[in-house]
2 protein chains.
Amino acid sequence: MPQSATTKEDTAGGRQRLLDAAAAVFSDGGYAGSSIAAIARRAGMSKSTVFHHFPSKEALYLAVIAGAVEDFGQRLDQFFSTSEHVAVALGRFQREHLRHMARHRQVVRLIMREIQDPALEYKRPLIVELLSSNFARVVHHLEAARETGRIRKSAHCHVAALVLFATNAFFFQHAGELSGLPGLELIADPDDFADAVIDVLYRGLAPDNEHGVSR
Amino acid sequence: MPQSATTKEDTAGGRQRLLDAAAAVFSDGGYAGSSIAAIARRAGMSKSTVFHHFPSKEALYLAVIAGAVEDFGQRLDQFFSTSEHVAVALGRFQREHLRHMARHRQVVRLIMREIQDPALEYKRPLIVELLSSNFARVVHHLEAARETGRIRKSAHCHVAALVLFATNAFFFQHAGELSGLPGLELIADPDDFADAVIDVLYRGLAPDNEHGVSR
DNA sequence: GTCTATAATTCGATAGAC
DNA sequence: GTCTATCGAATTATAGAC
C-alpha cells in the first residue's frame, strides 16, 4: 500500500497486463483448462511474477471477474446522477451497460459460464454478491426516481431493473443470430437497440389513452 | 405414416421414453459426453432399438430439441388467439412460457448450452431457425394487436417480443440466486413474476400523466 | 506407430399386432 | 403375412496408451 502513484499505476503496468491476459486465456479454455504458465506467457512475464501479483490461480481468476464488475459499478451512479429526464438516464445506462459488456466480452463470457456451471462452485455466492450489488444500485436509482414522481408510483422497480439487465445479457449473447432475424436488422446497432428497449419500457405498450388493467 | 393411432400413440411408447431419457442424459454430460449406450440403458431398451427410432445420435439429439421447441410453438397461438385484453394475453403467454421452460428444464439447458458453445456447430442455424420461428410468431401477434389499436401505434413489436423472451430466459437461469436477493423474494413465484413483468412492459414506467420523450 | 478400449452404427433375427 | 418394436452380436471409427 505505501507505493507511490508511479509504482502503482505503472505504465501499462504488469498487473493490468496480467489481468487482461488472464481474462483472455480463462475466457477460452475455462478455469481448469487454463494454466498459469499460459497466462504468464501471454502477459509476457514469468510465472513467479504472476504469483507476485496474486497469491493463487483462484485469486487471479476472481480478480479478473471482480475487476470488470466493480469497474462498472463505479461508473454506474454517474449514469443516473444528473437531473435529466429518467428516460434519458435509462437510455444512457442501457447503452453504457452494453458498451461495457462489449469492451469486456471475455470477462462477461467468463461470468456467464461461471454462473451456468461454476468452475469454483464455492465462490459462486461471492460472484452473485458482486453482481447483485450493481443490480441493487440500479434498483435504488429507480426507486429514487419513483419517490420523486419521475416514475409512476405503482411501478415495480426490482422487476424493471431485472428487465434491463436481462435484456442486455440476452442481447450480448445473441446479437450474432439476432441481427439475422427479419425485423431486427435495424436493431443491429447496440445504441439503437438500447434506445428501443427504453422506449418500450418507459412508455409501455398500452395505447396512449388507456391506463390500469385488471388481470 | 399409415400406422393406426394405437400403434402410433403407444402406451408410454418407446419413442417418447427414448426422447425423455435422451433429454436427461444429454442434459448433464452434453452431446459428446453422452453415449447411446447410456441413453438406451436409461430408456430401458437396447442400443439397436435406439437406432431403430432414430438414424443417428445427431438425429436423436436434434429431435429432443426440436420436440420441445415445436411443442411450445404449437400452443403459442392459443395464448393470443382469444379476444381478451392484450395485457391479459401477454400475461398468459409469459406464465405459460415460464411453465414450459420449467417442464422442459433439461431441454432448455441443452438449448442454452448449444447456443453458447455448440456441440453440433453446423446445426446451429437449424436450432436458431426453430427458435426464431416461435419468436416471429409472438412478434406477429403483437403486430396484429398494434394494427387493431390494442397496442400503441409507435411500439416496437420486435423489441417488445425480445424483452419477453429475454426476461424469461434470464429468470429461468437465475431464479435460484434471484430469490435470495432482497426485494425479489416476492417474485419467487414464476406466475407472480410473469405478471409483474407484463405490468411494467404494458403500462411502462412513465408517470401516468406524461407521454412522449425526446432523447 | 501399434494396440486397445470405447463408442457409433449396421445386421440379421424374433415376437407380437393387425 | 406384413409391419414394427425389439434385441444380441458383429462391424467400424476413433482416441489414448504404450
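The figures that follow rest on heavy atoms only: side chains count, while hydrogens, waters and symmetry mates do not. Just so it is clear, the structure is predicted and the values come from calculations on it, not from any experiment. Numbered from 1 within each chain, the chains take letters A, B, ... in sequence-line order.
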- Is T49(B) touching bases, backbone alone, or none of the nucleic acid, heavy atoms closer than 4.0 Å? base
Discussion item. Can you confirm whether R99(B) is buried at CZ, in the sense that more than 12 heavy atoms of other residues, nucleotides or ligands lie under 6.0 Å from that atom?
Written reply: yes
In whole angstroms, the gap separating C1' of dT9(C) from OH of Y61(B) amounts to 20 Å
From CZ of R15(B) across to P of dA5(D) the rounded distance in Å is 9 Å
Rounded to whole Å, NE2 of H53(B) lies from C1' of dC3(D) at a distance of 14 Å
Atom NE2 of H52(B) and atom P of dA13(C) are separated, to the nearest Å, by 17 Å
To the nearest angstrom, the CZ-P distance between F54(B) and dA5(D) comes to 11 Å
When G44(B) and K47(B) are each assigned the nearest nucleotide of DNA chain D, the 5'-most assignment goes to G44(B)
Here the distance between atom P of dT4(D) and atom CG of L18(B), to the nearest Å, is 18 Å
*Ignoring hydrogens and angles, answer whether the base of dG8(D) and the side-chain atoms of S46(B) contain a donor-acceptor pair closer than 3.5 Å.*
no
Greater than 12 external heavy atoms within 6.0 Å of R103(B)'s CZ: yes
Residue set satisfying salt bridge (Lys or Arg N to Asp or Glu O under 4.0 Å) with R41(A), at least two apart, ordered chain then number -> none
Separation of dA8(C) atom P from R41(B) atom CZ, nearest Å, is 11 Å
Whole-Å distance, K57(B) NZ to dA13(D) P, equals 17 Å
Would a 4.5 Å heavy-atom cut-off, applied to side chains only, mark F93(A) and I198(A) as touching?
no
